[in-house]
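Below you'll find the structure, written out as structure tokens, and then a few comments.
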Amino acid sequence: MTIFLPCLGVCKSLLQVLSRSTFSLLNQRSGLTSRLEVIMMLDFSGLESSAPLYGGSNELLSDGFSAAPSFDLPVTSDFDDFQKNSIQMVKPAKGTTTLAFIFKEGVMVAADSRASMGGYISSQSVKKIIEINPYMLGTMAGGAADCQFWHRNLGIKCRLHELANKRRISVTGASKLLANILYSYRGMGLSVGTMIAGWDEKGPGLYYVDSEGGRLKGTKFSVGSGSPYAYGVLDSGYKYDMTIDEAAELARRAIYHATFRDGASGGVASVYHVGPTGWTKLSVDDVGELHYSYYPVEPTIVEQEMTEAVVA
Amino acid sequence: MTKEHANWSPYDNNGGTCVAIAGADYCVIAADTRMSTGYSILTRDYSKICKLADKSFMASSGFQADVKALQKVLSSRHLIYQHQHNKQMSCPAMAQLLSNTLYYKRFFPYYAFNVLGGLDSEGKGCVFTYDAVGSYERVGYSAQGSGATLITPFLDNQLKSPSPLLLPAKDAVTPLSEAEAVDLVKTCFASATERDIYTGDSVEIIILNANGVRHESEQLRKD
């Protein structure tokens, strides 16, 4: 309703301009005294505020638009940032860094652990690597509730598949199940940017699935606001023939660098490995401590040492 | 063409703050008792804490009508569980039930910021913290509501527990004693009342331990 008022306000002043000009025309033709003309030319536009009042008496609106209360209220729909916050509360923040890559020994999966709501860090200990079943992992980016719920749902569907078909579901199948669910909710505001990593009969498998309905098979992915930084480290250090330790260190380093430069990523860097016998949690390191282990502070030579003053 | 915004919102914010701290063999759940709307106080005497099961208490701030509806749904689900299984629901089970209940209304959420506190099956304190649509995690302590941004940094300083993600898994519960934890909670609310207009009047504290449930109440500034 509020948008009509400014438009009408503009129209009203336009009408006045038009009426002024037509009247002046009429004046000339009918030869009325110029005094009337002067009165009609008085500019009242300064007295009218363009800010519309709730239920304010404006005769242009009395034709059924305004059923609003009859006293003046400030025209804000958002009194104490409440509506902005209530949108923010469901707003998904893809503030995160997750990555996964396939190498000779399987799949390496790593993620940070920070959750942010706008500029506030709501948690530094979020589990972003979700254990779907003992041989498949999912990563979380986007809406925390969306990712948690749908990964748990995927775990249930995978178990039902196992019971119905007497064999484990493939990574291809699991990622397809999730992608189809997310596609059916397309456009409704879910925010999920996940990677499904696992080891099935065909060997290591890695898929990227998102809430737009996209599903990509690949060998290296990083998702989230810190992903550009992670890709930089990952691309420069990646080799297919790495040992598990080398690959873990690469993943850990990539997450660390992303948390260093991206404000929305931080907390602890978790690294998991998916091998032929299932997944194992390799390490969890606080990124603050990682910084000092990668870049230790050199003790500087003290030129003048301060000592306690002798109190007489 | 500017986007038209609704004049009416189904939600309102009744303010308030909730805190919970988990200990080795106890759990403290607290919430202030002020209910407001805009700049007005509706009542100074409103309880935001609800007993869901013998060992699970939920404190919620936000829109109290949604909170009331949520409490009713969870209480009735717990009753059904008791009839079907002939026992009380454990706190971790209640935590997942709350998460699912919140997510089922993903596209028209309960405007409720919840903290679930209780004792797990080993008798250790557990606190679960939620967002409005159901994402949850087990933590050692948590604050939610309008005063949360004031209280959480203080609790981080006093109680910083090792991340529950660490390998090998370390306990997230605080080493503080029960009396110290209750004192800490009272301090938190006293400070939050100073700087948050929606927090004040009095704080209702529930202490859960092996012996049962204890209630405490402390007056706060009413301005």
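Convention: sequence-line order gives letters A, B, ...; per-chain numbering from 1.
- The cationic atom of B/Arg34 (NZ for Lys, CZ for Arg) does not lie both less than 6.0 Å from the six-membered ring centre of B/Tyr46 and within 45° of the ring axis.
- Contact of A/Ser283 with chain B is made through the backbone alone, with heavy-atom distances under 4.5 Å.
- With chain B as partner, the option from A/Ser113, A/Ala145, A/Ala144 having the largest number of non-hydrogen pairs under 4.5 angstrom is A/Ala145.
- In this model, a donor atom of one side chain and an acceptor atom of the other lie less than 3.5 Å apart for A/Glu131 and A/Tyr272.
- Within the model, atoms OH of B/Tyr110 and NZ of B/Lys68 stand 14.0 Å from one another, a figure rounded to the nearest 0.5 Å.
- Neither the backbone nor the side chain of B/Ser142 comes within less than 4.5 Å of any heavy atom of chain A.
- Neither the backbone nor the side chain of B/Tyr130 comes within less than 4.5 Å of any heavy atom of chain A.
- Residues B/Glu194 and B/Arg221 have side chains in contact (heavy-atom distance under 4.5 Å, counting atoms from C-beta outward).
- Atom CG of B/Asp201 is separated from atom OG1 of B/Thr193 by 8.5 Å, given to the nearest 0.5 angstrom.
- The part of A/Leu282 that comes within reach of chain B is its backbone (N, CA, C, O), which places non-hydrogen atoms under 4.5 angstrom from that chain.
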